[in-house]
Every structure is written in structure tokens, then in C-alpha cells.
Engineer: 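I have a structure I would like to understand better, so I am pasting it below and will then ask my questions one at a time.
Ligands are counted one by one from 1 in listed order, and the atoms in each one are counted from 1 as well. Scope of the values below: all heavy atoms of this structure, side chains included, with no hydrogens, waters or symmetry mates. This is a predicted model, so every value here is computed, not measured.
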Amino acid sequence: MSKKYTPTIGLEIHAELCTATKMFCRTKNDAEEQSPNTNVCPVCLGYPGSLPTLNKEAIKMVLSLGVSVGGKLADYTEFDRKNYFYPDIPKGYQISQYAHPLVRGGSLMGVDLTRIHLEEDTARSTHDTGDYSLLDFNRAGVPLMELVTEPVIHDAETASKFAKELQLLLTHLGASHANMEKGEMRVEANISVSDTDTFGTKVEVKNLNSFKAVEKAIMFEIKRQTELLEGGNKVAQETRGWDESKEVTYSQRVKEDSHDYRYFPDPDLPKMFLSEIPEFDQDTLRRGLPELPWRKRKRYLDWGMTEEASEVYTRDIDRSQAIDELEKLTSDKNLLKLASNYLITDPGTANVSAQNIFEVMQMVIEGSLSSTNAKFILKRLENKLGNPKQIATDENLLQTNNIDDLKKVVELIIAENPKIVSGYKDGNVALLQFLIGQGMKHTKGSGNPQILRDMFIDLLK
Ligand code: ADP
Ligand code: MG
């Protein structure tokens, strides 16, 4: 008889903050720096005797994140030394937070959060070079926030959606670029399964560098652990890695307990009472928040957009700015909906000014511009060339609606194509399309196809 195993998942997510300088020194924080060991100083190289200082901007970013998820900001906070040896952290400890994180609690997507704290990133090591390893300290000391969730997630899809929503929030706050492929956001998933009321032994999976990997690794672990238990075996508490090509997790090491790190408050850094520091005041931070993704999503839905469209705008700041700017110019729902179609199908349209989008849409609505020609003009405008009316005239893109002119063209085509005309009259309706095509050709694409169609039907009755 097979028992029912419930999976439980808790996430630990790290994100590099995009501050101007590093966490504990004034060295440039530049994720794009290609030349190794360029942005370094005695502090981030971990030289003995160097003194760290706090980066206010980084603290502010984490507190803003805390406020936006409804977390409780610490009153008292401090930084701790997490002691361990590895070449990427030569001072022998990482500065992190232990007992007094900046934020506790809060929730995102209905998932309860445990804490959000701030620490420093380590140097980047490269091991696959030969019989030696390389270290690049450009990344050492970059502010790294860690967000920990409660063990309240029960399926892989929710876990990956949660990570995606956090990424969206971080980019909205301007706190991190949170690109998983670049390692700017890293997800670790803790997974256990159990058939009782108590939690099973958890396994921590690292090296998940895409949302798909998060989902697949969790599904793999749920299956692996369930099969172990069903076979009468135990799940070992360990840290496992994710093998992207084989799509399996593999054992890395038995997990340390936190007491192995001998955490203690860093004596070089100030302890803080946040409420005494004006720019860390909760209300000030709240007033400084941008429109948060879930509010934006709801605003577009209320606006009458489909879920897909509202998701596109919520995820793409450029396009949402474009449609918002246009909405400031006009309240014409038809025009906005039409413009939205162009924005959704071509992201580049976001580079066109609201005024120009407005004029192009007006021409389409009047019937003087075909959809294809509107796209052509928008492409030109995207590259900041000219203005809508000018391009339309210069390129001869305006549709002719002048009935007398069009009628002459239609009569000419009828006279020139007796066989087609009689075929059409005999019931081959498909030939109408050919005649309209001739009309478009004669007018060099400027004839309004709808009017041409009506004229042919009328004259050939
Ligand atoms: P550790 O001391 O091993 O780091 P924590 O209590 O700090 O463990 O939790 C780390 C992460 O593991 C959190 O995201 C938490 O939600 C998750 N977690 C804790 N227990 C379990 C469990 N039994 N199953 C799944 N996840 C768990
Ligand atoms: Mg932990």
C-alpha cells in the first residue's frame, strides 16, 4: 500500500544589489567589469587591519524590500562574522547577519517570509582552468541580500513562481538586476517529504541558475526522497547540487550546523538602532516606493487588459511606461487598445514617443493608414527618424479614400480584365481578391482596401 507523502519546500534566495559601491568599502560595484581584479581595495581583498564601513544605499534597498513585503524592520541590528575558510573569502569570515537581520516576517505571493538580511558576496573562483584555480575579487564585497522563506511551499511550480515574483519586485525597486543566468540572483531550495504531521529530513539543493532548474530540481528531489522512504530507506540531511545536463541532483556535502560557523558580532562595524536614523524610517521608505508589481498588474487588469497583456506590461518597464504616457495624452479607449496591440506585438514600439504613437493610431483609426504601413512608420519612429505625417507622405503610405479617384481606378481595372470579371460574375468569388490586389497595385498601396472591395462588389452586381 502506497502512503501519501507531502512535499515541503523553503527557499533561500540571494541577490546582488546594484549599488554604486560595494557593501563595506567605496570600491566600485560593477557587475559588467570584464577585467579581473580591477575593482578591488584592501577592504574587499580582505587584508588584515583594513576597516570596513557600511553602505547606506544597500541597507536602504533591503529595508525598502522589507517594507514592500510587509515585513517588520529591525529596531536593533548588527553585522556578524560567519567564520569559515575558503580561498574566495581570504579574511576567513564573511560579514553577514545572524541574530538581528534587517527584516523579519512579511509575505510575498502568500508565502510567509522568515527574514531578509544583508551580507557580502565572495570572490568569483574558476576551477576548470587546469591544475590551478583563478580568483576574481571584482565581486568580493558586493552587497548580497538573502531572503529566507518559511517552509510553507508544497509544489515545485509555486517555488519557481515565487522566485520569479521576487525577481520582478527587486527589479521594480531598482535594488538588483536579479539576472539568474548572470548569477545576480541565486536560488537554493530546501526540500523534504513526509507522510506524518512532522517535517521530514530536508535536503538543500544549490546551483539552481534558472527558474526551470528550480522547478525541475524540486520535482526530482520530491520523487527521489519519496522513493527512498517508500523503499524503507532514510533521507540523508545534506547539500546537493543540480546537474543541469543530466537533470539530477547529486550529493555535495553533509550540511554544517550554524554553530560550526562561530558567528559573533563584527567589532569593526557600528551597531544600529534603525528608528534613530531618519532615512531608514519606515514611513519615509514607504513613501519612496515605486508602484509595486502586484499593484501594476491589478491596474492593467482593471483597465480591461487580458491577463497576458497585463503580465507583459508588469514585466516590461519600458512598455508599461509607454502605455502609461499614452494614457496621459488620451482617454480614448479604442485608441489605447489599438496602441496596446502594437506594443504587445513589437516591444520596440516602446521607444516611440507617446505623441507619435498617438498620431499613428489616429491615422489608423481614420482609415488613412493600413496596419502594415502603421508598423512601418512605427519602426522608423523607433529609430527616431522623422514624424508620423512626414513619413506617411514621403513614403506615399497614406490610403486614398477619395471616392472619385478610386472609382476611376476600379473602372479601369474592370475594363482591363474582362476574363476575371466574367469569372467573378459567374460565381468565382475568390477572384474579387485579385481585383482588390490590382487596385492596391494601381494606387501603390495607398488605396483603402475596404473601399475598393465595396466598389468592385457594387459595380459588378
Ligand atoms: P538551516 O539551519 O539548515 O539553514 P533553517 O531553519 O535556517 O535551516 O532553514 C533554512 C531553509 O530551509 C528555510 O527556507 C526553511 O524554510 C527551510 N526548511 C526548514 N525546514 C524544512 C523542511 N523540513 N523541509 C523543507 N524546507 C525546510
Ligand atoms: Mg540557514
Engineer: Establish, yes or no, whether a centroid distance under 6.0 Å links the rings of Phe24 and Phe79.
Structural biologist: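 Here the rings of Phe79 and Phe24 have centres that are less than 6.0 Å from each other.
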Engineer: Is Gln237 in polar range of ligand 1, meaning some N or O pair under 3.5 Å apart?
Structural biologist: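 N/O-N/O distance below 3.5 Å does not exist for this pair.
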Engineer: Counting heavy atoms only, which of Thr239, Asn190, Thr149 comes nearest to atom 15 (C) of ligand 1?
Structural biologist: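 Nearest heavy atom to atom 15 (C) of ligand 1 lies in Thr149.
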Engineer: I'd like to check the side-chain contact (heavy atoms from CB on, under 4.5 Å) partners of Thr198; sequence neighbours left out, ordered by chain and number.
Structural biologist: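 With neighbours one apart ignored, the set is Thr196.
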Engineer: Please report whether ligand 1 has a polar contact with Glu12, defined as an N or O pair separated by less than 3.5 Å (distance criterion only).
Structural biologist: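 So ligand 1 has no N or O lying under 3.5 Å from an N or O of Glu12.
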Engineer: Within a distance under 4.0 Å of any heavy atom of Val148, pick out the atoms of ligand 1 and give their elements.
Structural biologist: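 In order of numbering, the contacting atoms are 13 (C), 14 (O).
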Engineer: If you count the atoms of ligand 1 from 1 in the order shown, which ones are under 4.0 Å from a heavy atom of Gly200?
Structural biologist: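 The atoms of ligand 1 under 4.0 Å from a heavy atom of Gly200 are 23 (N).
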Engineer: Does ligand 1 have a heavy atom under 4.0 Å from the side chain of Leu11, from its backbone, from both, or from neither?
Structural biologist: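 The answer is the backbone.
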Engineer: Can you list the ligand 1 atoms lying under 4.0 Å from a non-hydrogen atom of Gly10?
Structural biologist: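 Numbered from 1, ligand 1 contributes 14 (O), 16 (O), 17 (C), 26 (N).
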Engineer: Ring of Trp303, cation from Lys333 - is the NZ or CZ under 6.0 Å from the centre and inside 45° of the axis?
Structural biologist: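 That pair qualifies as a cation-pi contact.
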Engineer: Among Lys202, Glu204, Glu221, His154, whose heavy atom sits nearest atom 3 (O) of ligand 1?
Structural biologist: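 It is Lys202 that holds the nearest heavy atom.
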Engineer: Can a side-chain donor-acceptor contact be found between Thr249 and Arg240 if the only test is distance below 3.5 angstrom?
Structural biologist: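 Yes, Thr249 and Arg240 have a side-chain donor paired with an acceptor closer than 3.5 Å.
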Engineer: At less than 4.0 angstrom from any non-hydrogen atom of Glu150, what atoms of ligand 1 do you find?
Structural biologist: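 Numbered from 1, ligand 1 contributes 16 (O).
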Engineer: Does even one non-hydrogen atom of Ser194 get within less than 4.0 Å of ligand 1?
Structural biologist: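 Ser194 does not count as a contact of ligand 1 under the 4.0 Å cut-off.
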Engineer: Can a side-chain donor-acceptor contact be found between Glu184 and His177 if the only test is distance below 3.5 angstrom?
Structural biologist: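 Side chains of His177 and Glu184: no pair found under 3.5 Å.
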Engineer: Quiz question: by atom type and distance under 3.5 Å, do the side chains of Gln362 and Glu366 form a donor-acceptor pair?
Structural biologist: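 Checked: Gln362/Glu366 side chains show no N/O donor-acceptor pair below 3.5 Å.
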Engineer: When you measure from the centre of the six-membered ring of Phe220, is the NZ or CZ of Lys223 under 6.0 Å away and within 45° of the axis?
Structural biologist: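 Checked: cation-pi criterion not met.
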Engineer: Determine yes or no for a side-chain-to-main-chain donor-acceptor pair under 3.5 angstrom, with Asp30 supplying the side chain and Thr21 the backbone.
Structural biologist: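 Flag not set: sc Asp30 to bb Thr21 has no pair under 3.5 Å.
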Engineer: Report yes if some N/O of Phe199 lies less than 3.5 Å from some N/O of ligand 1; otherwise report no.
Structural biologist: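 Checking ligand 1 against Phe199, no N or O pair falls under 3.5 Å apart.
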